[in-house]
Amino acid sequence: MDRLEIRGGRRLDGQVYISGAKNATLPILAAALLADEPVVLKKVPHLNDVTTTVKLLRRMGVDIIFHDGVRLEVDPRGITEFVAPYELVKTMRASILVLGPLLARFGQADVSLPGGCAIGARPVDLHVSGLRAMGAEIAIEQGYIRARAKRLRGARLVLDTVSVTSTENLMMAATLAYGETVIENAAREPEVIDLANFLVSMGARIEGAGTDTIHVQGVDSLAGTEYTVLPDRIESGTYLVAGAITGGRVRINHTCPEHLDAVLAKLDEAGAKLTMGRDWVELDMAGRRPKAVDLRTAPYPAFPTDMQAQFCALNAIAEGSGAITETIFENRFMHAQELQRMGADLVIKGNTAITRGVAELTGAPVMATDLRASASLVLAGLAASGTTVVDRIYHIDRGYECIEEKLAQLGADIKRLPS
Ligand code: EPZ
């Protein structure tokens, strides 16, 4: 397996361009199944999770062409299979996002249960109960969700928990259902809005995306479209933390500052000088050591769980003590023991990581366990003295496009060690 070798202790100084959002691209690719004609997507990031989704769609008979490496054309007219098999779903739980579109467009879907992952049990009960409420016959057997429906009908759905992909799956299913669907307690993430904008560009009738109540009026069919995916706010936050943790200066371009409010507020609290424009943010520590911050993760627009691990790394070298509480997933501190091996003074109490900042971390061989934990180990390596080798970085390649090239652009001493 590839590894990343980082020689730390260098103050980053430079600028990077942010890629399209992984967590918008995945539902939008699934939504292409709803169309009667091809769709063209731009700013699709080159990520393993995108490759996995393309493989899944191609396996169904969807024709996908990458034009000049920038425009992705997805033509669902040749689809012959309505199955998301275990061998693909087990590598990417977001495959569940094909369930709603397949059921709404073709009346059938056999999707493997994703199973848990490193950060938690990750149940899919809200996806299943919502589709049942819309009239789907769903059996869970031999590890598969087997769903059938002549035509889904609109319903009023109240989600017990704010769930991003449940909101997305049900919103996609509702676009071709008969009548109106109302999704209460919907997720408000920018990626949900981006998916809704994509669906509306295909002719869907959706109101309220980005609020906790989404109204969808079902239509008979959806047309092709051309759409540009929004910038990745988690990649954006990760590079800003890279600047903060090294006491440096980083400017991120082609981003959406308005999607970063909770993260920027915490970076400001940590002592960063922040300036921004319409599509860029610059962070400057001017050599200062960050101050420790307290935070709690929660659904958007509150502090994102996908930035929690990165702030654990920042707190590890910050001045003072900080408490980081994870309220979304039950096991999302897998980075803690690896940070401790690098010298972090960090203890986990229940769902809170309490850190006393140390002046310096020391480089060490560490192992990635999930996407954002891996990112936090890379960040710690950038700040640590000596060399850090992060193993199992296939986790990172799922969600960060060309991470070593972008960090090298910022002045990091980092290279990929082929397995
Ligand atoms: C999405 O996952 C993101 N993935 C995750 O990003 C992100 O961490 C998460 O939302 C929270 O923001 C994609 O968008 C592809 P949830 P999702 O359903 O939708 C519970 C990354 O690093 N729940 O919002 O799977 C669940 O257990 C990834 O890019 C149910 O109980 O997360 C959790 O406690 C990691 N039943 C809470 O809801 C269900 O049917 C929120 O999970 C579904 C979820």
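Just so it is clear, the structure is predicted and the values come from calculations on it, not from any experiment. Remember, it's 1-based here, ligands and their atoms both numbered in the order they're listed.
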Item to check | atom 22 (O) of ligand 1 - nearest protein heavy atom and its distance | outcome: Arg372 NE, 2.9 Å

Checklist entry - What atoms in ligand 1 come closer than 4.0 Å to a heavy atom of Thr305? => result 8 (O), 11 (C), 12 (O)

Next on the checklist: Would Ala187 count as a contact residue for ligand 1, given that I'm defining contact as a non-hydrogen atom of the residue lying under 4.0 Å from a ligand atom?
Outcome noted: no

Checklist entry - Looking only at protein heavy atoms, which one is nearest to atom 15 (C) of ligand 1, and how far off is it? => result Asn23 OD1, 3.4 Å

Next on the checklist: Could you check whether any heavy atom of Leu97 sits closer than 4.0 Å to an atom of ligand 1, since that is the contact criterion I want to use?
Outcome noted: no

Checklist entry - Which bit of Ile234 is near ligand 1, meaning a heavy atom under 4.0 Å away: side chain, backbone, both or neither? => result neither

Checklist outcome for this item: His127 heavy atoms within 4.0 Å reach ligand 1 at atoms 40 (O)

Checklist entry - Considering only heavy atoms of Arg122, which atoms of ligand 1 have at least one such atom less than 4.0 Å away? => result 2 (O), 17 (P), 25 (O)

Next on the checklist: Tell me whether Pro123 reaches ligand 1 (any heavy atom closer than 4.0 angstrom to a ligand atom).
Outcome noted: yes

Item to check | Pairing residues for Arg7 by the salt bridge (charged side-chain N to carboxylate O under 4.0 Å, His left out) criterion, not counting sequence neighbours | outcome: Glu5

Checklist outcome for this item: A student checking ligand 1 against Lys22 at a 4.0 Å heavy-atom cut-off should list atoms 21 (C), 29 (O)

Checklist entry - How far is atom 18 (O) of ligand 1 from its nearest protein heavy atom, and which residue and atom name does that atom have? => result Ser163 OG, 2.7 Å

Checklist entry - Backbone N or O of Ile328 within a donor-acceptor pair of the Thr305 side chain at under 3.5 Å? => result no

Checklist entry - For ligand 1, is there an atom lying under 4.0 Å from some heavy atom of Arg332? => result yes

Checklist entry - Which part of Thr165 is near ligand 1, with near meaning a heavy atom under 4.0 Å away: side chain, backbone, both or neither? => result both

Item to check | Top protein contact for atom 20 (C) of ligand 1, by heavy-atom distance | outcome: Thr161 CG2, 4.2 Å

Item to check | Listed once per pair and sorted, the salt bridge (charged side-chain N to carboxylate O under 4.0 Å, His left out) pairs that draw on residues 20-33, sequence neighbours left out | outcome: Lys22-Asp49

Item to check | Atoms in ligand 1 with a heavy atom of Ile328 nearer than 4.0 Å | outcome: 33 (C), 34 (O), 41 (C)

Checklist outcome for this item: atom 8 (O) of ligand 1 has as its nearest protein heavy atom Asp306 OD1, 2.6 Å

Item to check | Qualifying residue, where the test is side chain to side chain contact (heavy atoms under 4.5 Å, CB included) with Ile206 and the options are Thr181, Val200, Ile193 | outcome: Val200

Checklist outcome for this item: Per-atom filter on ligand 1: closer than 4.0 angstrom to a heavy atom of Val124 are 39 (C), 40 (O)

Checklist outcome for this item: of all protein heavy atoms, closest to atom 9 (C) of ligand 1 is Phe329 CZ, 3.9 Å

